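Just so it is clear, the structure is predicted and the values come from calculations on it, not from any experiment. Just so you know, these numbers use all the heavy atoms, side chains as well, and skip hydrogens, waters and symmetry mates. Below, read A as the first sequence line, B as the second, and so on, with proteins coming before strands; counting in each chain starts at 1.
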Amino acid sequence: MAKNTTGNEPQIPEKFLKPYNPQETEEAIYARWEDSGFFNPDNLPERHNVPYCIIMPPPNANGRLHAGHGLDMALKDIAIRFERMRGKKTLFLPGADHAGFETQVVYEKKLEKEGRSRFNMEPKELYDEIYEFTLENKKLMEDDIRRLGTSCDWSREKFTLDPDVILRVQKTFVEMYDDGLIYRGKQTVNWCPKHQTSLSDVETESNEETTPFYHFKYGPFEIGTVRPETKFGDKYVVMHPDDARYEKYKHGEQIEVEWINGPITATIIKDEAVDPEFGTGVMTITPWHSQVDFEIAKRHDLDIEQIIDWRGKLLPIAQEFEGMKIADAREKIVEKLEAKGLLVRVDKDYKNVVKRCYKCQSMIEPQVKDQWFVKMQPLAEKVIDAVEKEDLIEIMPEHQRRILLHWMHNTIDWNISRQIIWGIRIPAWFRDGEAYVGMEEPQGEGWQADFDTFDTWFSSGQWPLVTLGYPDGKDFKTYYPTNLMETGADLVFKWVPRMIMFGLYLAKEVPFKTVYFHGMVNDANNQKMSKSKGNVISPIDLTQKYGVDALRMALVVGNPAGSNVPLSEEKVKGYKHFANKLWNVTRFILIHAEVHTGSNSKTLYTKKDEELLDEVSSLSEEITKDLELHRYYLAAEKIYHYVWHRLADEILEESKQIFEEGSEEEIASRKRALYEMLLVNLKLLHPFMPFVTEEIWSDLPKKDTDLLMISEWPAH
RNA sequence: GGGCGGCUAGCUCAGCUGGUUAGAGCGUCGCAUUGACAUUGCGGAGGUCACAGGUUCAAGUCCUGUGCCGCCCACCA
């Protein structure tokens, strides 16, 4: 108990005599919340009757959380805690993503370190190892989510490889196939020669690079290329049909030209894809290794030949260059053409856009491959109708709406086949060029199962549906469409439109009413965090140093929708000070409340104190409004400002004077008012700083609920 | 090539539908302070709101243009 030196000192809980120490309390508080059962909406008291649901974007189950997750979890948890206290029946549904390609890449790096390779492993062996690895990491990831104070219902947690999820995803594929929305086709795909898989466009990075641009003599023409190594099969020479310079050459005409490995017969093709303004207005084509060329070849029914194999080495067509890697072959081929007098000139500082694998930076090799494609146009149209015409989804910040729509207006068919083991199997079988799609293996001999797995976004696109148990689940009926989808701005392409698409296709309803995009969490200088720059800040380290509440405040204050937030240790430290300030405010109020509590509990408030209480009420209303409008950054700043600079700096200071010189009525009124103000402030702060507020609450002598987490919000 | 942002105090940024002398945090300078506060308080300095036009009784805020910075998308070989 408190030191009792004069005999008049108050009896306040001893813990308030020391500074607030988050490390000593956070774990126990989270356990209390979890044990209370109130994370599960089914256990909430009766007043919580209107459903409110947020589905957690499942973090990748292949490692710890990063600072971005910290913001992600904080914003959602603020919304959920606010709505829970307001009496909503709140479901915050957590999950974990197997993260197909991402995880496989992480695991391959691990194998590499051990001197192993996935290419020497049985598929089943590899799958089982990654599965085990993922389960281990999933636990760590979940610990981190708990650590951040996230009030989600763990009893409903979903993993993207849960059997029911797999089943649903496969069923969707079959249904879409039956509806004509999925087809198998030979198309140019983005092939990563290192990872041995095709990638979607969002899994590649396009950067402008300086590459030598070679000009060669090709019969009577001059052609340009940055990729001489693909030119072996070039037997078509293409020009624009209206190009007057080449009028005398007729479409389909054949000419003999001297080329890399001797004379070949070239065919003249006229096609409007050629830009007469670029170079000489003449090009040769390599349909297997270029999307544009492939399209031209298809239009004119030309031969299509593979030049580079799946590992990035030249095929027998290259004759003496067979088996060489691209980089080596390029040089040698140019030398040979030069020796033959066919090299006209080289532009050394030519700039062009090079596509690379977003994970390993290998140059993407366009390859032609049989893959499953989603026909995007009919699906995108539904999204456009829902978002643009019917305005069924509020998107924050507003400009992301335009970006999303722009993407939906310009979408191309989506390759969903991945040549990796770590994912959900595509339910298809092949026999003699015939394909069968269905949930069960077809009858008959000789069917070969498709080895490929789904692009991870094909399954996570259905996340709001599968987590709630579409189509028959009780939760689906209660919580779909969900209220808020809060996620990173980078997912405006990858994820959000796909969820809307699948939601409209399967459930005929948008999956969420509001989308809130947050920006990136950068370092203190607002530079992107990256391992190579060495400026990565671990959220968990920060919580250990300063407490979770401080981290949450630092991430949220001054961070409106869509903007990037610089995270500095100084800022986090500042909010640790704030937690302690609140702690001491409580101490002050408890001391005086205890000293002055007497028989006159019926004393009315003085006019002055009524005004103070009114002021808190209007603050509550303002903050409620801000939270309703998802202005978390403003709400957090306002309550911070009030507690520190109004309550502590002014009201408490003034109270000291009243306690010294005021009348008995004034003193009694003030001490009651202060206690009221403390209660309201703790409630207003709780969504932002759940731990310190709950910890204080647990020692208050008088309150409306045992746990602050489910106490009643002070405004409507 | 197309799209989207940003430009407000030394730094990081707020400023919602246009409305008094433009705000916060950090930093800085001065003063006070052993206290409810290890982590405190009070006060000060510091801004032609990127630039140029326009609309308006009124513009940081709306419109047009310019400049610089950043991000995203893109199949000119």
Take the protein atom [atom1] of [X] and the nucleotide atom [atom2] of [N], then report the distance between them rounded to whole Å.
X        : N      : atom1 : atom2 : answer
A:Asn584 : B:rA38 : CG    : C1'   : 10 Å
A:Met553 : B:rA14 : CE    : P     : 17 Å
A:Asn564 : B:rU12 : CG    : C1'   : 13 Å
A:Leu567 : B:rC11 : CG    : P     : 21 Å
A:Asn410 : B:rG1  : CG    : P     : 18 Å
A:Lys576 : B:rU39 : NZ    : P     : 11 Å
A:Leu678 : B:rA36 : CG    : C1'   : 12 Å
A:Lys656 : B:rU33 : NZ    : P     : 14 Å

Would [X] and [Y] pass as an ion pair if we require N to O under 4.0 Å?
X        : Y        : value
A:Glu622 : A:Lys625 : no
A:Asp234 : A:Arg227 : no
A:Arg330 : A:Glu229 : yes

Check: [Y] main-chain N/O paired with [X] side-chain donor or acceptor under 3.5 Å:
X        : Y        : value
A:Trp259 : A:Lys231 : yes
A:Asn564 : A:Gly519 : no
A:Arg646 : A:Val616 : no
A:Asn559 : A:Leu555 : yes
A:Thr204 : A:Asp201 : yes

> Is there any side-chain hydrogen bond (donor to acceptor under 3.5 Å, both in side chains) pair reaching into residues 575-587 of chain A, and which pairs are they, with sequence neighbours excluded?
Replying inline: none
>> Tell me which pairs pass salt bridge (Lys or Arg N to Asp or Glu O under 4.0 Å) where either residue lies in residues 279-297 of chain A, with sequence neighbours left out.
In response: none
> With pairs taken as Watson-Crick or G-U wobble and both distances under 3.5 angstrom, which stems of at least three consecutive pairs involve RNA chain B?
Replying inline: B:1-7 with B:67-73, B:10-13 with B:23-26, B:28-32 with B:40-44, B:50-54 with B:62-66
> Around atom NZ of A:Lys217, are there more than 12 heavy atoms of other residues, nucleotides or ligands at under 6.0 Å?
Replying inline: no
What is the nucleic acid contact for [X], judged by heavy atoms within less than 4.0 Å: base, sugar-phosphate only, or nothing?
X        : result
A:Tyr633 : sugar-phosphate
A:Pro566 : sugar-phosphate
A:Ala648 : base
A:Pro397 : nothing

> What is the per-nucleotide protein-contact pattern of nucleotides 16-31 of chain B, from the 5' end, where B denotes a base atom under 4.0 Å from a protein heavy atom, S denotes such proximity for sugar-phosphate atoms only, and - denotes neither?
Replying inline: B-------SS------
> If the sugar-phosphate is the primed atoms plus P, OP1 and OP2 and the base is the rest, what is the B/S/- string for nucleotides 68-77 of chain B, using protein heavy atoms under 4.0 Å?
Replying inline: ----S-BBBB
> When the ring planes of A:Tyr214 and A:Phe216 are compared, do they come out parallel, tilted or perpendicular, using 30° and 60° as the limits?
Replying inline: parallel
> Taking the inter-plane angle between the rings of A:Trp457 and A:Trp495 on a 0 to 90° scale, is it parallel (under 30°), tilted (30 to 60°) or perpendicular (over 60°)?
Replying inline: tilted
Quote, to the nearest angstrom, the [atom1] distance that separates [N] from [M].
N      : M      : atom1 : value
B:rA50 : B:rA36 : P     : 46 Å
B:rG46 : B:rA24 : C1'   : 15 Å
B:rU33 : B:rG41 : P     : 15 Å
B:rU55 : B:rC63 : C1'   : 7 Å
B:rU20 : B:rA58 : P     : 15 Å
B:rC68 : B:rG27 : P     : 36 Å
B:rG60 : B:rC7  : P     : 15 Å
B:rG15 : B:rG47 : C1'   : 14 Å

>> Please evaluate residues A:Phe221 and A:Tyr249 with respect to the criterion ring-ring contact (aromatic ring centres under 6.0 Å, His included), reporting the C-alpha separation (whole Å), side-chain torsions for both, the decisive distance (0.1 Å), and the verdict.
In response: CA-CA 11 Å; A:Phe221 307 107; A:Tyr249 299 101; 4.7 Å; yes
> Can you check whether A:Tyr516 and A:Tyr632 have ring centres sitting under 6.0 Å from each other?
Replying inline: yes
Report all interatomic pairs (protein N or O, nucleotide N or O of nucleotides 60-63 of chain B) with separations under 3.5 Å.
none

>> Which heavy atom of A:Ala79 sits nearest to which heavy atom of A:Leu484, and what is that distance?
In response: CB-CD2, 3.9 Å
> Between A:Arg402 and B:rG5, does any side-chain N or O lie under 4.0 Å from OP1 or OP2?
Replying inline: yes
> Any side-chain N or O of A:Asn580 less than 4.0 Å from the OP1 or OP2 oxygen of B:rA38?
Replying inline: yes
>> Taking the nucleotide of RNA chain B with the nearest heavy atom to each, does A:His399 or A:Pro19 sit closer to the 5' end?
In response: A:His399
